[in-house]
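Here is the structure we will look at.
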Amino acid sequence: MPQSQPEPAHDAIRFLLDGELVELANVDPTRTVLQYLREDKLRLGSKEGCAEGDCGACTVVVAETAAAGGLRLRAINSCIQFLATLDGKMLFTVESLQKPGGELHPVQQALVDCHGSQCGFCTPGFVMSLFALFKNSAAPERREIDAALAGNLCRCTGYRPIITAAERMYGYAANGATRWLDQPNTCNEEPRDEELQMTARLKEIRRSRALRLDSKGRQFYAPRSLDDLAALVLQFPQAVLLAGGTDVGLWVTKQHRQLETIIYTGQVSALKRIARSASYIEIGAAVTVTDAMPVITDEYPELQEVFERFASPPIRNAATLGGNVSNGSPIGDSMPPLLALGATLVLRKGERNREIPLDEFYLGYQEKALEPGEFVESLRLPKRTSDLQLACYKISKRFDQDISAVCVAIALQLDAGKVTDIRIACGGMAAIPKRAEHCEAALRGQEWSEPAISNVLSELDKDFSPISDMRASDQYRRVVCKNLLLRFHAETSGAVVSVYDYGR
Amino acid sequence: MTMGADKNRRDVPIRGAVGSALPHDSAHLHVSGAALYTDDIAEPRNLLHIALGMSTRPHARIHNLDLSKVLAAAGVVEVLTAEDIPGKNDFGPVIADDPILAPGLVQFVGQPMFAVAADTVEQARRAARLAVIEYEDLDAILDLDEAVAAKSFVLPSEKLQRGDSGAAISAATHSVSGRVRLGGQDQFYLEGQIAMAVPREGGDLYVYSSTQHPGEVQHTVAAALGKQNKDVIVECRRMGGAFGGKESQPAQIACIAALVAARTGRAAKLRLDRDADMIMTGKRHDFVIDYNVGFNDEGEIEGCEFTFASRCGMSADLSGAINDRTMFHSDNAYYLKNITIVSHRCKTNTVSNTAFRGFGGPQGMFAIEYVIDDIAACLGKDPLDVRRRNFYGTTDRNVTPYQQTIEDNIIGEIVDQLERTADYRKRRAELQNYNENSRWLKRGIALTPVKFGISFTATHLNQAGALLHVYTDGTVHLNHGGTEMGQGLFTKVAQVVAEELQIDIDRIKITASDTSKVPNASATAASSGSDLNGKAAQVAARTIKERLIVFAAEHYGVRRDEVRFVNNHVYVGATELTFAELAHQAWFARISLSATGFYRTPKINYNRATFSGRPFYYFAYGAAVSEVVVDVLTGEHRLLRVDVLHDCGQSLNPALDLGQIEGGFIQGAGWLTSEELCWNTDGALTTHAPSTYKIPACSDLPVDFRIAMLESHANREDTIYRSKAVGEPPLMLAISVFHAIRDAVASVGDHKSSPLLQAPATPEAILRAITRMQGGDL
């Protein structure tokens, strides 16, 4: 075992690349992992296909120590991930997998044998998403494979041979793989020697003090405690608060914006907590969507589809629920269900906390009820009430990894066939994620029947004046929003009214 | 035929023989991340990176282009405009109407006006945004209706006519007419457009270009620089996808890189980011199709008229040949006795559209299939019965509107077999029953055929060259004019050489397309890659083999027919040698071990002026059955099951051909469903990244996907090992997806009328069609 390292310098980042220590000083705060790999390391396997995290050609795998002691591996989009966020973590790229003698990894060999590559440009990204699946699952079925590959686009193969490779890759590891890399499903098993060595090395590079980078006057802060974070945000109210970076990354790669001061929330362990009280589940603002998802769907299984269709695994692995909510995009997917469920936010400014209902948080397009120096600390999701009926529908041109044209979440309480309470929240219908207050009011007290619902659908026209854009026309949004209420009614009556799961 | 000629070879085949399901030659490199694309090639010293300044107006004069801030920006070394081009400011592949950099006039949003070169790509891209530009806006034509009304065309309209369609329609028992809009499609190759130009001594340039057409890039770069073809070499080892989008478009990218390199003396790279790529390079043409058809009680077409208006954009590019192919494929597999096809090639102030897999054919086929569905709805018949009724005959009713006699028609056989294996009739009955009992979800099914003409319609392009060296250790260096974009061309051609020389494919080095090895090659396009380059390589291999036979017979004193090449060995009478030993002996005896091969497609002849002759050497056939379920409340759909039967002749490589069929099908399904190109009222494309432009994702592949190749059907024509071209035809199998959706929508109105469904069938388009069936309006 290597000697324990002294506390790392606060102005240099340290991470493991294939288990080897990399220490980098003077890192540009907005240099992406992909730029580092391609331009500095000449690891040319990872590709830039879109520079926005939508095609997956840049996919790499990041490992961190899991709560159970082993390594947890997650695919991410290196094109929009800032290098500085790798501090204290471990990185694997497509170049990591091949054995020293040149023998291919099971994932790679399966892809070759199943003819899973044609032009090959997307292939390294697929390899890494499949590698993450390989390590996180033992025998995925088609649906799990689809979900794991939702963030990787292939224009040549039509996906069939890649899916076949995903099914067969485990067969290549069957004969007692000796390398940890070649062993499947390790994320769900007790860590063994090689893995324990790596977690030990990760522990060695863990820092206790904040990271602070200064690159030509541009600052990057990665505080570790909530108090430090609060103090920094108060000190630099104009700073960019960086969480998963799946939106901020695009400001740099697409808009070529120069970000002067960045405060990264991803190293604040207190923000990654999930806690439960008698009446709510509290999810820290830096909890990733991937980690929040099972907690939420455990309480509300009806939200499985919307979270399964929330961006893609590499995006969900980086993006945080707090980031999605704080960003407040009118077409973000977490807000409609959270609004319908009456979630609240805990805001923090300096040493002060306050709690506000989510539906009071959005004031206008890109305008939130946040004071300068204030940030979202956590989200409180009410626990399920016994008679709640819930649905969340997302309509888009493509099922996976698309942005909603319309997203409608409905939470309904009935008593003897009458509506005692209903909350309808929509995305894509206004400049903010917004509740349909007129329609809700008109439905309260009504009989829960198709004629009664049809009667009040026109109230939605008072609630929303949607726009036309490349995702849908205003008329389509209006009509579909109404029709989704009819779908919900039909489903509460036992009908199957969605093609999403049809035949799968 | 050579294949199977030697009995011994069958016992111990070489690795990579023709017909074997070998993986792609680069598969190992692909999966390990070691395959080098243009952006991965080792960068020369002092490389400059280029970004482009693009027009924000659809049609305007540039009054003042103030680049002082661009020049002053950090890292900027050079800024070029049209005035800095020493040679010809044009990259038009057919006619000279495509400026490399806009010369004082911009004609679409996104047109490059200047290039900025800097030390890093970020510096170049940031600087490109600093230009201050004064425009004088001119009237812009942004859509097809406007263009047709204004007679705004890039090329003259064309008409193809047989018989008297007007009289036939008037006399027919039934007629229907209508208009349908068919959207375009972005190629969305994963690797964006890129070129790197490296200066060499004496003003020569070496250009790495991601291109399907290195020869054209070479010629265009030379002309732009005021140099000669001999001064420029273009190389391309592989592309990260192309699909037609890298046929004519890369010349512009390479020219700009070359201009910077020539001007600065430094190597220069231009890599478009995804948005720039989608905004400034051409796509599949969108169409407005007007149709009018007369038919009898059986659904047999008596007369048919099409008027096609296609969006060519601001220049002609390849639109002439593309729209010709639309005209040639608006018969698809059907005999149209009386037919009039009018084709308008519209000039609009949008990006100039270009080649995309199918090259206009899909739009023509879409039109006639749409019409057939209308006929079936009108008569209350199963569309399959109407289709079959109108199929070309084999001995009569077998002449196309362009006067080519179809000699290889197998569509009836394919459709009969597929109808059976896909259980079409039974499933249709089940669907009917389902739909009667399902209020919100409706299912639909359709079987559509494909007949696709193989050859460049411009006869002169149907030629290819190859270059083959055999070294003294018996290994082989293979080069030909084709390019590798993922389709597996390099693998297939290497298989041909392996088969001819009877050596393992591992002994053959597949090398980058290179204009200094094979000159004046045609684009790798029109599905012709294997047909042309496979034959050329075969000629080269046979030339060397013949020299070896002559040498061996003489050297060992045996008859020539006693020299046999079998499994890496050569039997010379009773003597057994390895191929390597013979190669070495031949070298020692001063026998040339290098040869070129050349091939031109026989039989084709075609008169463009009269639209008649034999433009196609042969046809490739296929058919597909698709089944979908549609949500009546939202217009969402899911593709449930696909059955395909496709004709690859005698496949050179069944694994690669299967890949083309599957991939082509899904790409076609994307074109007709989720992939929607949107422009705003200012003429700007709003779907220019994968966040807004949705190609199929993994879960869009139907759970039940049954793809089969037609067996025991060698090509009637003497193609390379009797195989058939497979690059483009399968894309059009996906027309069945669109018609399955249309069938589901029709069930909303109990199949009493044919829904007006526009393509792509997005949820909104489908809901609009449903609403109209219900008598409403969305």
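In the text below, chain A, chain B and the rest are named by the order of the sequence lines, each starting its count at 1. Values reported hereafter were calculated over all heavy atoms of this structure, with side chains retained and with hydrogens, waters and symmetry mates removed.
Put simply, the side chain of A/Tyr476 never gets that close to the backbone of B/Leu778: no donor and acceptor are under 3.5 Å apart. For A/Gln118 (side chain) and B/Gln487 (main-chain N/O), no donor-acceptor pair under 3.5 Å exists by modelled atom type. Listed for the A/Lys47 side chain is no donor-acceptor partner under 3.5 Å among the backbone atoms of B/Tyr37.
B/Arg638 and A/Tyr502 get closest at one heavy-atom pair: CD-O, 3.7 Å. Closest non-hydrogen pair, B/Gln185 versus A/Arg155, comes out as NE2-NH2, 3.4 Å. For the residue pair B/His30 and A/Ser117, the shortest heavy atom distance occurs at ND1-OG, 2.8 Å. Heavy atoms only, all atoms of each residue included: A/Leu153 and B/Pro690 are closest at CD1-CB, 4.1 Å. For the pair A/Asp402 and B/Ser691, the tightest heavy-atom approach, listed with the atom from each and the gap, is OD1-O, 4.0 Å. Of all non-hydrogen atoms in A/Val499 and B/Leu441, the two that sit nearest each other are CG1-CD2, 3.8 Å.
If you measure heavy-atom distances from A/Leu104 to chain B, the contacts under 4.5 Å come from the side chain alone. A/Ala472 touches chain B through backbone and side chain together, each having a heavy atom under 4.5 Å away. Residue A/Val127 touches chain B through its side chain alone, counting heavy-atom pairs closer than 4.5 Å. Contacts of A/Leu484 with chain B are made by side-chain atoms alone, with heavy-atom separations under 4.5 Å and no backbone atom involved. Only the side chain of A/Val479 comes within less than 4.5 Å of a heavy atom in chain B; its backbone stays farther off. Using a 4.5 Å cut-off between heavy atoms, A/Thr253 does not touch chain B at all. Neither the backbone nor the side chain of A/Phe126 comes within less than 4.5 Å of any heavy atom in chain B.
Side-chain contact annotation: B/Glu764 with A/Gln475, donor-acceptor N/O pair under 3.5 Å absent.
Contact tally against chain A (heavy-atom pairs below 4.5 Å) for B/Ala35, B/Ala689, B/Gly635: the top residue is B/Ala689. Most heavy-atom pairs under 4.5 Å with chain A, from the set B/Ser699, B/Gly241, B/Cys678, B/Gly240: that is B/Ser699. Top candidate by heavy-atom pairs under 4.5 Å with chain A, chosen from B/Ile666, B/Thr673, B/Asp40, is B/Asp40. Between chain B and the options A/Ser473, A/Cys114, A/Gly53, heavy-atom pairs under 4.5 Å are most frequent for A/Ser473. No other option in B/Arg125, B/Arg129, B/His637 has as many heavy-atom pairs under 4.5 Å with chain A as B/Arg129. For the set A/Glu95, A/Lys254, A/His256, A/Arg471, the entry with the most heavy-atom pairs within less than 4.5 Å of chain B is A/His256. Per-residue heavy-atom pair counts under 4.5 Å with chain A were compared for B/Arg768, B/Glu484, B/Arg238, B/Arg439, and the maximum is reached by B/Arg439. Ranked by heavy-atom pairs under 4.5 Å with chain B, the first of A/Gln258, A/Glu48, A/Gln401 is A/Glu48. Between chain B and the residues A/Gln35, A/Arg478, A/Arg143, A/Gln108, the largest count of heavy-atom pairs under 4.5 Å involves A/Gln108. For the set B/Thr762, B/Thr634, B/Thr686, the count of heavy-atom pairs under 4.5 angstrom toward chain A peaks at B/Thr634.
To the nearest 0.5 Å, atoms SG (A/Cys50) and CG (B/Asp275) are separated by 9.0 Å. Atom CZ of A/Phe488 and atom CG of B/Leu633 lie 14.0 Å apart (nearest 0.5 Å). The distance from atom CG of B/Asp700 to atom CG of A/Asp146, rounded to the nearest 0.5 Å, is 8.5 Å. A distance of 9.5 Å separates OH in B/Tyr693 from NZ in A/Lys397, rounded to the nearest 0.5 Å. Taken to the nearest 0.5 Å, the SG atom of A/Cys119 stands 10.0 Å off from the CE atom of B/Met239.
A/Glu39 places none of its side-chain heavy atoms less than 4.5 Å from the side chain of B/Thr120. In this structure the side chain of B/Cys698 never reaches within 4.5 angstrom of the side chain of A/Asn152, judged on heavy atoms. Between B/His28 and A/Gln109 there is a side-chain heavy-atom pair separated by less than 4.5 Å.
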Exercise for review: Let me see the working for B/Phe243 and A/Cys156 under side-chain contact (heavy atoms from CB on, under 4.5 Å), right down to the final yes or no.
Suggested key: CA-CA 9 Å; B/Phe243 313 109; A/Cys156 296; 3.7 Å; yes
Practice item. Give the C-alpha distance, both sets of side-chain angles, the deciding distance and a yes or no for side-chain contact (heavy atoms from CB on, under 4.5 Å) between B/Leu701 and A/Arg142. Key: CA-CA 11 Å; B/Leu701 180 83; A/Arg142 168 71 195 274; 3.5 Å; yes
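Using a cutoff of 4.0 Å between basic side-chain nitrogens and carboxylate oxygens, B/Glu43 and A/Arg38 are not scored as salt-bridged. Using a cut-off of 4.0 Å between Lys/Arg side-chain N and Asp/Glu carboxylate O, B/Arg274 and A/Glu52 are scored as not salt-bridged. The existence of a salt bridge linking B/Glu122 and A/Arg257 is excluded, since no basic side-chain nitrogen approaches an acidic carboxylate oxygen closer than 4.0 Å. A salt bridge links B/Asp631 and A/Arg487; the closest N-O separation between the charged side-chain nitrogens and carboxylate oxygens is under 4.0 Å.
Residue-level contacts of residues 655-665 of chain B with chain A, in order of numbering, are B/Ala655, B/Leu658, B/Gly659, B/Gln660, B/Glu662, B/Gly663; threshold 4.5 Å between heavy atoms.
Not counting sequence neighbours, the partners of B/Ala761 by the side chain to side chain contact (heavy atoms under 4.5 Å, CB included) test are B/Phe738, B/Ile741, B/Leu757, B/Ile766. Considering only residues two or more places apart in sequence or on other chains, A/Asp469 meets the salt bridge (Lys or Arg N to Asp or Glu O under 4.0 Å) condition with A/Arg477. Listed by chain and residue number, A/Asp28 satisfy the salt bridge (Lys or Arg N to Asp or Glu O under 4.0 Å) test with A/Arg218 (two or more places apart in sequence, or in another chain).
Atom CD of A/Glu141 is surrounded by 12 or fewer heavy atoms from other residues, nucleotides or ligands within 6.0 Å. Other residues, nucleotides and ligands contribute at most 12 non-hydrogen atoms within 6.0 Å of the NZ atom of A/Lys41.
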